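First comes the structure, then the notes that go with it.
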Amino acid sequence: MYAACGDIGFAGQVFDEMTERDVVSWSSMIAAYVTSKQPLNALSVFLDMKQAKEKPNSVTLVSLLSVCSHLVKIKMGESIHSYILTSDIKLDVSLATALIGMYATCGYIEKALLIFNSMNNRNLQSWTIMISGLAENGHGEEAISLFYKMEDLGFTPDTISFSGILSACSHLGLVEKGQRLFDQMVNLYKIQPTMEHYGCMADMFGRAGMIEEAYHVLKTMPMEPNSIILRSFISAYKNHGSRVSFDDNLVKLLLKIEPDLGSNYVISANMSSVSGYWREEDDVRAAMKGKGLKKVTGHSWLQDNRHSS
DNA sequence: GTAGGGTTAG
């Protein structure tokens, strides 16, 4: 419950104090770490579970396969797969979907397809993960046709399905198709676009060299663009150039929201030649302020002066 | 029966 409420630390504390653990409490704890994006901790709990001679069931394995995906551990994923085949654990829709996700994120797209095609029942998640997996592995066309096939079968794509398909369009340079799908998502399916969707659209325009259109997405999206979107746009601007001058505020914003990432300062320096900005280094100073970062001489803030304030 | 799975961006 604490895990579900987002308090992973307290969940771990409760778990540590438990004297009687069963497969459900072990699995809950592993799942909690997966949800909190702490796959190494999830793995460590699983190792403890093995030590305690508790047998994993299909719920445990779904979470563990997700760990394999996050850490790109194909060997571990394969061994879970063979464990399933030799055990009496039933390969249900969720478990098969988790296997597809694991193989796809590890780059084994044929294996993912093999499992997908052999499934009797598929749900929205199975379709979505297969579509995204194809897109991710450079099979954008197949991803798009699978998306339409899924719609034909009566599945209603959700926000995550659209993230996957828009990303496929972006990678393929299919600007019109991407715009049409985005429009469908909003007007037909009444799905509110998220940061991810705007990011895909901006990235799609940027890659295609449509810098003004990409900039328009950044300026009109209803939330502040995150660092990934900003970097994607800046890089597109650098690669393609534009008749409109570069907006220095984007770099300022990048340094503001992510002052601890050193490579952002490289980007900032590179863009100075494009925009003539950086003369006073004000933005660097502003970004370092309150972060305990101290510029001593020249390049030295990149070294470990953080705690010397 | 409890617990679980899917997404993007240089």
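Values in this document were obtained by computation on a predicted structure and should not be read as measured data. In the text below, chain A, chain B and the rest are named by the order of the sequence lines, each starting its count at 1.
- Within 4.0 Å (heavy atoms only), Asn57(A) reaches at least one base atom of the nucleic acid.
- Of the residues in residues 177-192 of chain A, not one comes within less than 4.0 Å of DNA chain B through any heavy atom.
- For residues 182-192 of chain A, the pairs satisfying side-chain hydrogen bond (donor to acceptor under 3.5 Å, both in side chains) are Glu151(A)-Tyr189(A), Asp183(A)-Asn187(A), with sequence neighbours left out.
- In the model, Ser36(A) has no side-chain atom that pairs as donor or acceptor with a side-chain atom of Gln38(A) under 3.5 Å.
- Residue pairs meeting the side-chain hydrogen bond (donor to acceptor under 3.5 Å, both in side chains) criterion with at least one member in residues 125-143 of chain A, sequence neighbours excluded: Thr97(A)-Ser126(A), Asn123(A)-Ser126(A), Thr128(A)-Ser161(A).
- Applying the ring pair (Phe, Tyr, Trp, His ring centres under 6.0 Å) rule to Tyr103(A) yields the partners His81(A); only residues at least two apart in sequence or on another chain are considered.
- With sequence neighbours left out, Glu258(A) forms a side-chain contact (heavy atoms from CB on, under 4.5 Å) with Ser227(A), Arg231(A), Leu254(A), Leu261(A), Asn264(A).
- Screening residues 53-64 of chain A for salt bridge (Lys or Arg N to Asp or Glu O under 4.0 Å), with sequence neighbours left out, gives no hits.
- Within the structure, every pair that satisfies the salt bridge (Lys or Arg N to Asp or Glu O under 4.0 Å) test and touches residues 73-102 of chain A, not counting sequence neighbours, is listed here: Glu78(A)-Lys111(A).
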What string of B, S and - do you get for nucleotides 4-10 of chain B, 5' to 3', when a contact is any protein heavy atom under 4.0 Å? BBBBBBS

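- For residues 213-224 of chain A, every residue pair satisfying the side-chain hydrogen bond (donor to acceptor under 3.5 Å, both in side chains) rule, not counting sequence neighbours, is listed here: Tyr215(A)-Asp247(A).
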